[in-house]
Amino acid sequence: MPGGTQDVGERIATTAERETREETGYEVRVTGLIGVYSDPDHVIAYDDGEVRQQFALSFSAELLGGELERSDESPDIRWVADNELDELPMHPSIRLRVDHGFEDRAEPDIG
C-alpha cells in the first residue's frame with residue numbers, strides 16, 4: 001500500500017494523493033477516511049535516541065488516471081480483487097486495513 005510522510009504545509013489528503021502518484025504512477029482523489037490504526041506495541045527507537053509510537057491513516061480514493069510506474073519503494077504493483085487477498089502474504093495489521101477498505105462502513109475505524 002502506498003504510504004509516506006506529510007510535507008510541511010501540505011493537507012493530509014494531498015499527502016495521500018502525492019504518495020500514491022510517486023509510488024505507483026496513478027493519479028487519485030481521496031474520497032474518505034477508512035480508519036486510523038495504531039498499536040501501542042509498534043514502537044520504533046531511532047539511533048539518535050528518539051522513540052516513536054507509529055500510527056497509520058488509511059484513505060479511500062478514486063482513480064483519476066495515470067499509468068503504472070514501479071519505484072524503489074514499490075517494486076511490485078498490481079490491482080487485487082477481494083477474492084484474491086488470501087493468496088497474498090500480508091501482515092495482519094495491513095490485512096485489517098485492506099478488509100476495512102472493502103467494507104461499506106458508516107464510520108471510519110478509530111483503532
Side-chain angles (χ1 to χ4, degrees):
M1 293 180 2
T5 58
Q6 184 176 28
D7 291 340
V8 174
E10 189 174 51
R11 295 182 186 276
I12 194 63
T14 303
T15 301
E17 293 163 355
R18 175 182 53 76
E19 288 289 346
T20 300
R21 183 178 58 258
E22 290 175 0
E23 295 183 20
T24 69
Y26 291 121
E27 298 284 339
V28 300
R29 182 180 68 82
V30 168
T31 58
L33 177 67
I34 295 169
V36 179
Y37 301 89
S38 64
D39 180 343
D41 295 326
H42 189 181
V43 176
I44 298 175
Y46 293 91
D47 292 339
D48 65 2
E50 181 181 359
V51 177
R52 290 187 195 175
Q53 179 180 329
Q54 297 294 95
F55 69 94
L57 305 174
S58 290
F59 297 97
S60 57
E62 69 174 322
L63 178 64
L64 300 177
E67 292 185 26
L68 174 73
E69 293 180 17
R70 289 176 173 77
S71 71
D72 291 340
E73 294 182 69
S74 304
D76 183 21
I77 304 167
R78 62 187 166 131
W79 293 104
V80 179
D82 59 347
N83 64 353
E84 299 174 297
L85 291 171
D86 289 337
E87 301 168 20
L88 300 174
M90 196 179 316
H91 189 277
S93 66
I94 300 296
R95 178 62 191 257
L96 177 66
R97 296 177 219 172
V98 171
D99 287 344
H100 286 173
F102 277 105
E103 294 173 3
D104 186 23
R105 302 171 70 85
E107 298 288 331
D109 184 78
I110 307 297

Same hydrophobic cluster for [X] and [Y], using side-chain heavy-atom links shorter than 4.5 Å among ILVMFWY?
X	Y	result
L68	L63	yes
F102	L96	no
I77	V80	no
V98	Y37	no

Are side-chain heavy atoms of [X] and [Y] found at a separation under 4.5 Å?
X	Y	result
S71	E22	no
V51	Y46	no
V30	R11	no
L33	R105	no
F59	T20	no
S93	H42	no

For residues [X] and [Y], report the shortest heavy-atom separation together with the two atoms involved.
X	Y	value
E62	T31	N-CG2, 3.9 Å
Q54	I44	CG-CD1, 3.4 Å
E23	P2	OE1-CA, 3.3 Å

- Message: Has Q6 got a side-chain atom pairing as donor or acceptor with E10's backbone, closer than 3.5 angstrom?
- Response: yes
- Message: Quick check against the 3.5 Å criterion: does S74 have a side-chain atom that pairs as donor or acceptor with the backbone of T24?
- Response: no
- Interatomic distance, L88 atom CG to R78 atom CZ [nearest 0.5 angstrom]: 5.0 Å
- Message: Are more than 12 heavy atoms, taken from residues, nucleotides or ligands other than E84, located less than 6.0 Å from that residue's CD atom?
- Response: yes
- Might you confirm whether atom CG of D48 has over 12 heavy atoms from other residues, nucleotides or ligands at distances under 6.0 Å? yes
- Please name the residue in the list I34, L85, I94 that meets the side-chain contact (heavy atoms from CB on, under 4.5 Å) test with D99. L85
- May I have the step-by-step check of side chain to side chain contact (heavy atoms under 4.5 Å, CB included) for R95 and D86, ending in yes or no? CA-CA 9 Å; R95 178 62 191 257; D86 289 337; 3.0 Å; yes
